[in-house]
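Counting starts at 1 for both ligands and their atoms, following the listed order. Here the structure is a predicted model, which means the values were calculated and not measured.
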Amino acid sequence: MRPEILFPLFSPARSLPGIGPRLEKLVEKLAGPRVIDLLWHLPSGLIDRRSRPKIAEVRDGEIATIEVTIGLHVPPRTTRLPYRVHVFDETGEMQIVFFSPRADYIAKSMPEGEKRIISGRVDFYQGSPQMTHPDHILPLRELNNLPLLEAVYPLTAGLTLKPVQKAMQGALRIVPDLPEWQNAPWLKAQGWEAWRPSLLKAHAPQSPNDVDPAAPARARLAYDELLANQLALGLVRLRMKKLPGRSIIGSGQLRSKVVDALPFALTDAQLRSLAEIDADMKSSHRMLRLLQGDVGSGKTVVALLAMLTAVEAGFQAALMAPTEILARQHFATLKPLCEAAGVDIELLTGREKGKRREEILSAAATGKVKILVGTHALFQSDVAFKALAVAVVDEQHRFGVHQRLMLTSKGGPGTDVLVMTATPIPRTLTLTAYGDMDVSKLDEKPPGRKPVDTRALPLDRLEEVVSSLHRALERGAQIYWVCPLVEESDEVDAAAAEQRYEHLRSIFGAKVGLVHGRMKATDKDAIMARFESGEIRILVATTVIEVGVNVPSATVMIIEHAERFGLAQLHQLRGRVGRGGEKSSCLLLYHAPLGETAAARIKIMRETEDGFRIAEEDLRLRGAGELLGTRQSGLPVFRLADLEEHRELLAAAHDDARMIIDRDPELESDRGKALRILLYMFERDEAIRYLRSG
Ligand code: ADP
Ligand code: MG
């Protein structure tokens with residue numbers, strides 16, 4: 001339960017001054033629905049109104065606060081022209097310009113002959129200074145109300161700065177004092193203040209340096225966030241490691257049958273990873289290992305061989321995939337290999353229902369089924385194993401720490417966990433997402449893979465590309481045609497894909513198929529099966545095919561509006577081809593002219609197929625927040641920390657969290673209690689549940 005002291009921070013943003021129903025939606029879009037979301041929305045700059053020149057001294061482009069006497073009003077002759085007001089002081093004169101103002105507004109705020117303070121940006125027009133729409137027009141006696149320094153916030157369409165500033169002031173007024181969770185010597189060494197003053201300062205920049213990520217107030221807040229992240233991961237890990245493990249030693253019999261049935265030899269990287277996994281399983285500690293490997297690096301086989309060790313030792317294994325398509329695909333890959341070794345394997349997803357489901361459940365409970373492959377369906381409470389020894393989670397970034405734990409709880413204490421990730425994640429991110437998990441890397445592709453010939457072409461040559469498909473089809477090629485991600489909305493994407501499908505179908509007829517996220521799972525599978533069998537030769541798709549889809553005979557990947565995709569996505573998509581022995585190609589169709597970042601992405605795609613390098617470049621180009629992309633990715637999205645800028649702080653937070661867990665694993669000391677508040681503030685409640693008195 002969240003401590004009471006945090007309640008104000010978690011109250012709805014609509015409780016803040018000036019936020020009515022319309023603004024509420026915009027603020028939610030901008031920052032989030034709660035006060036704390038707004039508070040995490042830090043300024044991107046500041047307006048400094050301290051410059052107080054005379055009119056003769058104003059400089060072009062500066063923000064100035066000037067005391068003037070109001071002169072003549074010059075209403076426009078046509079509505080398209082601006083309303084002008086002459087103003088002057090003893091040194092000169094200038095004009096104040098308004099476009100389509102409300103009729104009474106100017107008369108009221110700028111009465112002729114009176115003195116006013118005006119503040120805003122000065123521009124020179126045909127050699128004379130003017131100010132268009134001053135930010136502030138005040139009578140002299142109200143000078144004290146003029147904010148000399150104003151924080152500027154990132155905005156969203158329809159939302160202007162003033163209401164955001166006002167709501168923010170309201171939010172800052174209710175920020176509570178919280179007990180200190182950082183070590184005093186560390187704070188001192190860093191030159192940081194307590195949490196509340198840091199937050200207030202972060203929102204009240206005094207100079208451009210103060211909006212830099214390295215500014216002390218901002219660094220402190222970032223560090224808090226990183227510490228919460230590292231501490232939560234550390235606590236989860238502690239709890240998992242504390243549970244006794246089980247020493248599992250296989251006979252090697254089933255494994256050798258499967259290895260014999262494989263049409264290839266294992267790569268060195270696969271053998272190395274397997275040795276690491278074997279050692280973990282053999283030891284009496286439980287395994288918590290991340291198997292990291294690029295698309296097509298052969299993780300599935302490694303996972304299977306690890307699962308077989310458990311089966312040899314008389315236990316069961318489970319493999320969980322994030323989507324139905326993937327679960328089915330894993331099952332289809334594993335089934336023939338398991339048959340070769342005489343091992344019972346079953347598939348359990350939301351689609352196995354009724355009697356079939358009952359049969360599978362009972363086979364799992366009695367121990368008849370040795371390997372169970374599935375989706376989240378494996379979590380459901382009626383799923384029970386007789387003796388689950390190893391859980392493989394094909395992560396693809398979609399599961400959280402908590403879900404991983406739920407699966408392992410099915411095995412009772414000691415279940416070994418192997419997490420597979422397909423997208424190579426830069427080191428920094430591995431740390432934030434997995435904390436201290438042990439890592440095995442498949443950094444070598446299976447032999448015989450030919451590099452994918454990657455080219456880029458502007459979209460206005462689309463018709464040429466379409467006609468070149470005739471030749472490709474004659475050669476027997478199978479082709480993916482990926483349509484752009486218009487928005488993060490399946491509906492809109494589906495429409496774009498449907499259009500391209502109609503277009504290609506009018507040329508190539510029944511050889512063209514379509515899959516997108518709006519289709520029923522069974523329909524998707526049916527289309528995928530027809531593509532795999534070669535009946536469909538051109539598969540128009542949205543990014544539903546981004547992960548896991550494995551049709552080795554597909555050799556051409558065409559990506560339309562490649563400039564709209566992120567690097568990681570392009571890399572994943574390209575990874576769908578080049579899986580068989582045939583030479584493959586990838587064509588990136590882009591809308592010209594390319595922006596700088598999009599051009600850089602396409603250049604990197606042409607230069608390398610090394611997923612680890614691509615991931616690093618992606619982080620560099622976009623920053624971690626965007627790399628993680630959509631929030632449902634399951635990887636943590638940081639609000640205050642910037643993994644590039646605060647890299648060193650992450651390392652420090654990692655060590656700090658370790659030390660805390662060593663000394664005070666139940667968070668019972670004073671600092672420990674304050675750290676609980678920190679965890680709640682960053683919504684790491686799940687970690688607190690693992691404490692004795694959580
Ligand atoms: P990942 O899950 O890492 O993307 P997969 O396990 O799906 O990769 O393997 C991709 C393809 O490579 C599969 O068709 C698989 O059979 C094949 N493969 C796996 N290991 C090897 C190997 N050592 N040599 C040749 N092909 C392999
Ligand atoms: Mg795979």
List ligand 1 atoms under 4.0 Å from [X], heavy atoms only on the residue side.
X	result
R579	4 (O)
T267	23 (N)
T300	2 (O), 5 (P), 6 (O), 7 (O)
D294	3 (O)

Distance-only donor-acceptor check, side chains [X] and [Y], under 3.5 Å:
X	Y	result
T555	E582	no
Q569	H571	no
S440	E276	yes
Q270	S273	no
R351	T522	no
H285	D280	no

Pairs of donor and acceptor atoms involving the side chains of residues 305-315, under 3.5 Å and at least two apart or interchain, shall be tabulated with distances.
unit_1: T309; atom_1: OG1; unit_2: R255; atom_2: NE; d: 3.4
unit_1: T309; atom_1: OG1; unit_2: R255; atom_2: NH2; d: 3.0
unit_1: T309; atom_1: OG1; unit_2: L305; atom_2: O; d: 3.3
unit_1: E312; atom_1: OE1; unit_2: S251; atom_2: N; d: 3.0
unit_1: E312; atom_1: OE1; unit_2: G252; atom_2: N; d: 2.7
unit_1: E312; atom_1: OE2; unit_2: G252; atom_2: N; d: 3.3
unit_1: E312; atom_1: OE2; unit_2: Q253; atom_2: N; d: 3.2
unit_1: E312; atom_1: OE2; unit_2: L254; atom_2: N; d: 2.9
unit_1: E312; atom_1: OE2; unit_2: R255; atom_2: N; d: 2.9

Would A265 count as being in polar contact with ligand 1, using the rule that some N or O on each side must be under 3.5 angstrom apart?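 A265 vs ligand 1: N/O contact under 3.5 Å present.
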With nothing but distance in play, are any N or O atoms of G298 less than 3.5 Å from an N or O of ligand 1?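 N/O-N/O distance below 3.5 Å exists for this pair.
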With heavy atoms only and a cut-off of under 4.0 Å, state how [X] meets ligand 1: side chain, backbone, both or neither.
X	value
T333	neither
M420	neither
L266	backbone

I'd like to know whether ligand 1 has G293 as a neighbour, heavy-atom separation below 4.0 Å.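 In this structure, G293 fails to qualify as a contact of ligand 1 - no heavy atom is under 4.0 Å.
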